[in-house]
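Report on the structure given below.
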Amino acid sequence: MTAPRGNAGSPGEAVTQLRTIAVFCGANSGALPLYAEAAAAVGRELARRGLNLVYGGGSVGLMGVVAQ
């Protein structure tokens, strides 16, 4: 049995496409603005790729920033 290759499979090999990402991070904004900037970058990239987001924490803190 070979290890999964993700999207780099050989011709004829089935490739599973990623559609949903689960993200878990704090309901607090963090001690540094860099944390919120990184969370926003993750959210933008997920949206750019058209991926679904599964998350907890409602609309507060870093979870809220990712979800926005």
Side-chain angles (χ1 to χ4, degrees):
M1 186 162 144
T2 60
R5 298 177 187 221
N7 290 334
S10 61
E13 184 177 337
V15 176
T16 303
Q17 187 172 17
L18 187 66
R19 293 177 292 205
T20 302
I21 298 285
V23 174
F24 178 81
C25 53
N28 188 312
S29 294
L32 301 173
L34 177 64
Y35 299 146
E37 293 166 14
V42 167
R44 282 191 303 272
E45 185 61 19
L46 293 175
R48 186 187 73 77
R49 294 181 183 215
L51 297 172
N52 296 310
L53 172 64
V54 175
Y55 67 99
S59 61
V60 297
L62 295 177
M63 280 300 356
V65 173
V66 173
Q68 284 178 341

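What you find for A40 and V65 is that their closest heavy atoms are N-CG1, 3.5 Å. The two atoms that bring M63 and Y55 nearest to each other are CE-CB, 3.1 Å, heavy atoms only. Closest of all the heavy-atom pairs between C25 and V66 is SG-CG2, 4.3 Å. The shortest non-hydrogen separation linking L18 to I21 is CD2-CD1, 3.5 Å.
Residue pairs meeting the side-chain hydrogen bond (donor to acceptor under 3.5 Å, both in side chains) criterion with at least one member in residues 31-48, sequence neighbours excluded: E45-R48, E45-R49.
A continuous path of ILVMFWY side-chain contacts below 4.5 Å connects L51 to V42, so both sit in one hydrophobic cluster.
Here S29 contributes atom OG and L32 contributes atom CG; the two are 11.5 Å apart, rounded to the nearest 0.5 Å.
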